[in-house]
2 protein chains.
Amino acid sequence: MPLPEPVPDIRSLDLLRSVAELGSIRQAALRHGISQPAASVRLRALEGILNVELLDRSRGRAQLTSAGVAVVQWAGNVLEQMRELVLATQALEVAGHTHLRIAASLTVAEYLVPGWLSHLRSSDPELIVSLEMGNSHHVVQVIESGGADLGFVEGVHAPRALTSRVVQSDDLVVVVAPSHPWARRRLTVAASDLAATPLVVREPGSGTREVLDDALAAHGLSVNVQVELASTTAIKSAVASGAGPGILSKLAVESEVREGRLVAVEVADLPLERRVRAVWFKSVALSASARRLMRQINASSVPGS
Amino acid sequence: MPLPEPVPDIRSLDLLRSVAELGSIRQAALRHGISQPAASVRLRALEGILNVELLDRSRGRAQLTSAGVAVVQWAGNVLEQMRELVLATQALEVAGHTHLRIAASLTVAEYLVPGWLSHLRSSDPELIVSLEMGNSHHVVQVIESGGADLGFVEGVHAPRALTSRVVQSDDLVVVVAPSHPWARRRLTVAASDLAATPLVVREPGSGTREVLDDALAAHGLSVNVQVELASTTAIKSAVASGAGPGILSKLAVESEVREGRLVAVEVADLPLERRVRAVWFKSVALSASARRLMRQINASSVPGS
DNA sequence: AAGAGGCATAATCAAATGTTATACCTGATT
DNA sequence: AATCAGGTATAACATTTGATTATGCCTCTT
C-alpha cells in the first residue's frame with residue numbers, strides 16, 4: 001500500500017535538518033543554494049503537511065520546538081537511508097576511475113553494501129566505489145577475471161582458488177504464511193518434512209539455494225521445488241499469499257516476521273548456516289581502500305562501545 | 001551537508017515499489033491514484049536521476065532489472081523510515097478519540113517510539129495513538145494526572161507511586177571529539193577525572209542527567225558543568241566542535257562513534273547504567289492496546305528467530 | 001488474425017516552487 | 001534611546017514540474 005498523501009518532501013526535511021544545525025533559516029537556505037524566502041515557504045509547507053509547529057520564529061531567529069527536535073531526529077533516519085540509496089545506486093553506474101571495485105551477491109548487495117558504502121564515504125568522501133551484482137557463482141567469476149577487487153558471497157563453501165574470510169553469518173530460515181499449518185505448531189519441523197513439501201526457493205546458482213541443497217544432501221534428501229524465484233521479495237510475497245513454505249535469509253525476513261506477516265519455523269535437524277565471505281584473488285594484496293572496508297566491516301559486526 | 005542534488009523523489013520510489021509488487025506500471029499507477037502516463041513519466045524521471053535502468057519494458061510488461069530489484073530494496077528502507085516519521089508526527093498532533101496515549105521522554109521518543117508505532121500500526125491499522133513528549137520528570141506528572149495511559153522514562157530509579165517495568169537498558173557513554181586527549185588513550189578515565197573536567201550535559205530533570213548525577217554522587221562527586229543543553233544533537237555538535245567531553249545515551253551516539261565523528265571513552269569506576277522503564281498508574285489495569293504494545297516491545301528487544 | 005493489456009509520446013494545462021523586492025521584527029551596540 | 005545587523009514574512013512575478021487526455025505501437029494470448 002502506498003504512503004498516505006500528503007508525503008513530506010525529502011528536500012524539506014533536509015532543509016529542516018540544516019536549520020537545526022545552523023540555527024537559522026537564512027543560513028540553511030544559503031547552504032542549500034536557494035533563497036531565504038524559498039526556504040521560509042518550504043518550511044512552512046512542511047509544517048502544514050505534518051500539521052505540527054516545528055520552528056518558533058517569535059524571537060528573531062528560528063528556534064526548534066520540542067516537536068521540531070523530534071522530527072529532525074526522525075527525518076535524520078529518512079535522510080540516512082536516502083543517502084545510502086543514492087550512494088549504492090551511484091556505485092552501480094560508475095564506469096572508470098574507480099578506487100575500489102566490489103562484486104557482491106544480490107542479498108549482500110541489498111542488505112549489507114549500502115551501510116558499508118555510507119561508512120566508507122564518511123571516512124573518505126573522495127573514494128569512488130563501484131558495485132557489481134550477481135549471484136554467488138557470478139561474483140567468483142568476476143573476481144577471478146580481475147573485474148573486481150573484492151567480492152562478497154554467501155554459501156557454505158569457501159570458493160577454491162580465492163582467498164576468503166568469513167565476514168558475517170546469516171542463517172537461513174523456513175518461513176510460512178501465518179495461515180499455514182506449520183505456523184501453529186510450537187514443535188519443530190524435521191528435515192524429512194521439509195524435503196517432502198513443495199517449497200518456494202531461490203534459483204540454482206544462488207548462495208541461498210546452495211546452502212539449502214547442501215543441508216538436505218547431508219541427509220540424503222533433495223529439494224522438492226514448488227517455484228523458483230530470483231528475488232527475495234518475490235519469494236516473500238509468494239509465501240505470504242500461500243504458495244507454500246519458503247527458504248530465505250534471516251536478514252531478509254526480519255521485519256516481516258517481527259510484524260507477523262510471515263512466521264519463521266524451526267527445522268530441528270537441519271543446520272541452515274550461511275556465511276557471508278569476503279573473497280579476493282589469491283596472492284594478490286588488497287588495496288588500501290579494500291583493507292579499510294574490511295576493517296570497517298569487522299568493526300561494525302562486532303560492536304563495542 | 002545537504003543531500004547532493006538531484007534527490008530521488010519519495011513518491012517515485014513508492015511508485016517503483018508498487019510496480020515491483022504488482023508487476024505493471026499501469027496497476028501501480030491505479031493504486032497510487034494517478035494516470036498511467038504520469039506514472040510512466042515519473043519512473044523514467046527516476047531512472048534519469050539515479051542514472052540506472054530500473055525497468056525492462058521490452059517485453060510488453062515492465063520487468064524489474066537486477067539493479068531495479070536492488071533499488072526497490074533500498075527504497076524500502078527509505079519508505080519505512082518515512083512511514084515511521086509520519087506515524088510518529090501524527091501521534092504528536094492527535095487531540096481526542098485516541099485509543100492509546102503514550103508519554104515518553106525525549107530520548108525514548110526520538111529513538112524508540114517510531115519503531116513501536118510502526119509495529120503497532122501493522123498489527124492494528126485502526127489504532128489511534130497519541131504521543132506526549134517531555135523529560136522524565138514531566139512524563140511522570142502526565143501519568144499521575146491521568147493525561148496518558150503509558151509512560152516511558154529513563155533513569156536509575158523507578159518512580160514511586162507508579163507501577164513500572166524495565167523495558168530496555170540503554171547505558172550512557174562519555175564521548176569526546178577525535179582530537180580530544182581522551183580519545184587517544186586506550187586506558188580508561190576515572191570517575192574523579194570526569195568530575196574534574198567541565199562537561200557538556202543535559203539539563204537537570206532529564207533522565208540522562210539524573211543518571212550522571214547519581215553515579216557521581218555515589219563517589220561523593222558532582223558534575224562540573226561546562227554547558228547544559230536540552231537536546232542530544234546540540235550536545236553532539238558541541239562535543240564534536242571541541243567544547244569538551246559530553247555524556248549521552250549509547251543509543252544516541254551509535255552512528256557517530258561508528259563513523260569516527262565521536263569517540264566513546266570508558267569510565268573505569270562509574271556505572272552509567274540507564275534503564276528505560278514503562279510506567280503506568282498504580283493499580284490501574286492496562287488497556288488492551290497498552291498491553292499489546294508492551295508485548296511487542298518485549299518481543300523486539302529480545303529477538304528470537 | 002484478432003483482441004486485450006500495457007507502455008510511450010504529444011499537446012495542453014494547473015499547481016507547485018523559485019526569485020527579487022520590500023517591510024517588519026528582535027536583540028545587541030553605542 | 002536610537003541605530004544597526006541579522007533574520008523572517010509577504011507580495012508579485014516567472015519558471016518549472018507534474019498531471020491529464022488522446023492516441024499509437026508493441027507483445028503475448030487465444
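On a predicted model such as this, the values are computed, not experimentally measured, just so you know. In what follows, chains are A, B, ... by sequence order, proteins preceding strands, each numbered from 1.
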Next item on the list: Give, ordered by number, those residues of residues 14-48 of chain B having at least one heavy-atom distance below 4.0 Å to an atom of DNA chain D; if nothing qualifies, reply none.
Entry: B:Ile34, B:Ser35, B:Pro37, B:Ala38, B:Arg42
Next item on the list: Could you tell me the separation between the CZ atom of B:Arg11 and the P atom of D:dG18, rounded to a whole number of Å?
Entry: 9 Å
Margin query: Regarding A:Glu47 and A:Arg57, does a basic nitrogen lie under 4.0 Å from an acidic carboxylate oxygen?
Written below: yes
Next item on the list: Note down the inter-axis angle between the two ends of the helix from C:dA1-D:dT30 to C:dT30-D:dA1, five pairs each, to the nearest 10°.
Entry: 30°
Next item on the list: Grab the CZ-P distance between A:Arg61 and D:dT8 for me, whole Å please.
Entry: 7 Å
Next item on the list: Hey, could you give me the CD/OG distance between B:Gln81 and B:Ser118, rounded to the nearest 0.5 Å?
Entry: 9.0 Å
Next item on the list: Give the intermediate values and the outcome of side-chain contact (heavy atoms from CB on, under 4.5 Å) for residues A:Val108 and A:Trp116.
Entry: CA-CA 11 Å; A:Val108 174; A:Trp116 297 343; 4.0 Å; yes
Notebook entry, point to check: Between A:Ile10 (CD1) and C:dT17 (C1'), how many Å, whole number?
Noted result: 17 Å
Check: To the nearest Å, how far apart are A:Leu55 CG and D:dG7 P?
Finding: 14 Å
Margin query: Salt bridge check, A:Arg209 against A:Glu203: does any charged N sit closer than 4.0 Å to a carboxylate O?
Written below: no
Margin query: Distance check, rounded to the nearest 0.5 Å: B:Leu54 atom CG versus B:Leu64 atom CG?
Written below: 8.0 Å
Next item on the list: Whole angstrom is fine here: how far is it from CG in A:Asp9 over to C1' in D:dT17?
Entry: 12 Å
Check: Are a donor atom and an acceptor atom from the side chains of B:Ser24 and B:Arg61 found within less than 3.5 Å of each other?
Finding: no
Item checked: Whole-Å gap separating C1' (C:dG5) and CD (B:Gln63) -> 16 Å
Next item on the list: Please state whether the phosphate of C:dA8, meaning OP1 or OP2, lies under 4.0 angstrom from any side-chain nitrogen or oxygen of B:Arg57.
Entry: yes
Notebook entry, point to check: Any salt bridge between B:Arg59 and B:Asp56, counting N to O under 4.0 Å?
Noted result: yes
Check: Should the pair B:Arg17-B:Asp14 be classified as a salt bridge under the 4.0 Å nitrogen-to-oxygen rule?
Finding: yes
